[in-house]
**Student:** 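Take a look at the following structure, please.
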Amino acid sequence: MFQDRYKKAYNTITPSPELVSDTICRAGTGKGASVKKRFSVRMSLAAAVAVVCLVTAVPVFAAHIPAFYKIVEYISPAMADQLVPIEKSCTSQGITMQVEAVHLDGNEADIIISLQDAEGSGQDLVHGVMDLFDSYGLSDYTNDSIVGGCIFLTYDETEDKAYFQVTVQSDNAYQGAKLQFWVHSVLCDKYEETKDVDLSGIVYTADTKQVTLSGGGGLFPEEELPSSLWAEAATEDNPLPKANVLDGKRVEDCAADDFTLRGIAYMDGVLRVQISMGDTSRSDRHVELYLKDSDGNERYPDRSVSWFEEVGDVRYDTYEYWYVEDIEDIADYSMYGIFHDSGELVEGDWKVTFRVRED
């Protein structure tokens, strides 16, 4: 369970001259030993004064230069807090983000955050399921997150808060002295709808076309798929494989803001279902597809592939789902999908700076 682990800003620390000198050396470029020999105590104090002057004159300098920030942090955490104010919440575009709890474990961090409509904003953007749209990160000013994942937890109607669990990783261990978490965009009005997929239009022969894939996956071994599905395997020089997919409904005839069924075919022992997600550059639109037999048994696709097609300034995202095992009589089957969609994309600048205390 996550608990509130915040720590109030430190009181100003009055360092010894030796600490100032040693700190400046350690925060440099690795030549601390030779620098230390040349600096007297008096020069160390002068350097500390110079740091204070720079802090006063250029308040954002330390936030972008790690070595400089370390100097200020070692000399006085309270002074560093003036450079990057410690805030547990931040408001942008009428939405307030708050860091609720943090847990650090080496180079991994779990963060619980909440979003709510800002007081007096007059908006109702936070009222259910939302998403951070892969626009978040964590930094300790020397080490940024490189891999992340986000899970929507719940919406609390009483508090008008949507809660998320964000997990991030970095190359090196996070330092808990001070961290900054940021989000650049959120998706509002996410919803899902279960709808039947009409199999009556299935065909048994169809033209195919070659596309360069942008994604794909599944549990069925790729090497056991019929060779007719693949046009070109991935190589070291060309890591994006090519596949032969249905040449179904023209992408120009697909909706840019909705789902479009582009074709269904059963060929070479594979049931193919091709669905356009429309333009997903400002939305999160995807489908969970299920094939059900006469006994009620359900199957998820064995594999899926995806690719993009552009028409003018619009880029359409299409998935083709593959069911590989033989189907004796398609009339014995039905299909439905859980269609996930999102409404408004809100772009903002949410940044929360905080300290973490490990219990």
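Starting from 1, each residue takes its place in the sequence as its number.
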**Student:** Ignoring hydrogens, what is the shortest heavy-atom contact between Val245 and Gln274? Give both atom names and the distance.
**Tutor:** CB-NE2, 4.1 Å

**Student:** Out of curiosity, Asp293 CG to Glu328 CD, how far, rounded to the nearest 0.5 Å?
**Tutor:** 11.5 Å

**Student:** Tell me, with the steps shown, if Ser342 and Arg285 meet side chain to side chain contact (heavy atoms under 4.5 Å, CB included).
**Tutor:** CA-CA 7 Å; Ser342 59; Arg285 201 174 290 120; over 6 Å; no

**Student:** Atom CD in Gln98, atom CG in Leu115: separation rounded to 0.5 Å?
**Tutor:** 10.5 Å

**Student:** Do Asp189 and His127 get their side chains close enough for a donor-acceptor pair, meaning under 3.5 Å?
**Tutor:** yes

**Student:** Around atom CD of Glu223, are there more than 12 heavy atoms from other residues, nucleotides or ligands closer than 6.0 Å?
**Tutor:** yes

**Student:** We want to know whether Asp247 and Thr208 form a side-chain donor-acceptor pair, criterion being a heavy-atom distance below 3.5 angstrom.
**Tutor:** no

**Student:** Salt bridge or not between Lys292 and Asp295? Use side-chain N to carboxylate O under 4.0 Å.
**Tutor:** no

**Student:** For a quick check under 3.5 Å, do Ser170 and Asn172 share a side-chain donor-acceptor pair by atom type?
**Tutor:** no

**Student:** What's the spacing between Trp307 CH2 and Leu240 CG if we round to 0.5 Å?
**Tutor:** 14.5 Å

**Student:** Check whether more than 12 heavy atoms from other residues, nucleotides or ligands sit under 6.0 Å from atom CG of Asp313, and answer yes or no.
**Tutor:** no

**Student:** With distance as the sole criterion, is a donor-acceptor pair present between the side chains of Ser276 and Thr260 under 3.5 Å?
**Tutor:** no

**Student:** Is there a donor-acceptor contact under 3.5 Å linking the side chains of Thr91 and Thr96?
**Tutor:** yes

**Student:** Under a 3.5 Å threshold, yes or no: a donor from one side chain and an acceptor from the other, between Tyr155 and Glu159?
**Tutor:** no

**Student:** Does either side chain, that of Tyr336 or that of Glu298, offer a donor lying less than 3.5 Å from an acceptor on the other one?
**Tutor:** yes

**Student:** Within 45° of the six-membered ring axis of Phe308 and under 6.0 Å from that ring's centre, is NZ or CZ of Arg315 located there?
**Tutor:** yes

**Student:** Do Thr167 and Asp110 get their side chains close enough for a donor-acceptor pair, meaning under 3.5 Å?
**Tutor:** yes

**Student:** Treating Ser214 as the side-chain partner and Ser306 as the backbone partner, does any N or O pair qualify as donor plus acceptor under 3.5 Å?
**Tutor:** yes

**Student:** So, taking the atom named OG in Ser92 and the one named CD in Glu347, what distance separates them when rounded to the nearest 0.5 Å?
**Tutor:** 10.5 Å

**Student:** Between atom CG of Asp284 and atom CE of Met277, what is the distance when rounded to the nearest 0.5 Å?
**Tutor:** 10.5 Å

**Student:** Which distance, rounded to the nearest 0.5 Å, do you find between the OH of Tyr316 and the CD of Glu309?
**Tutor:** 10.0 Å

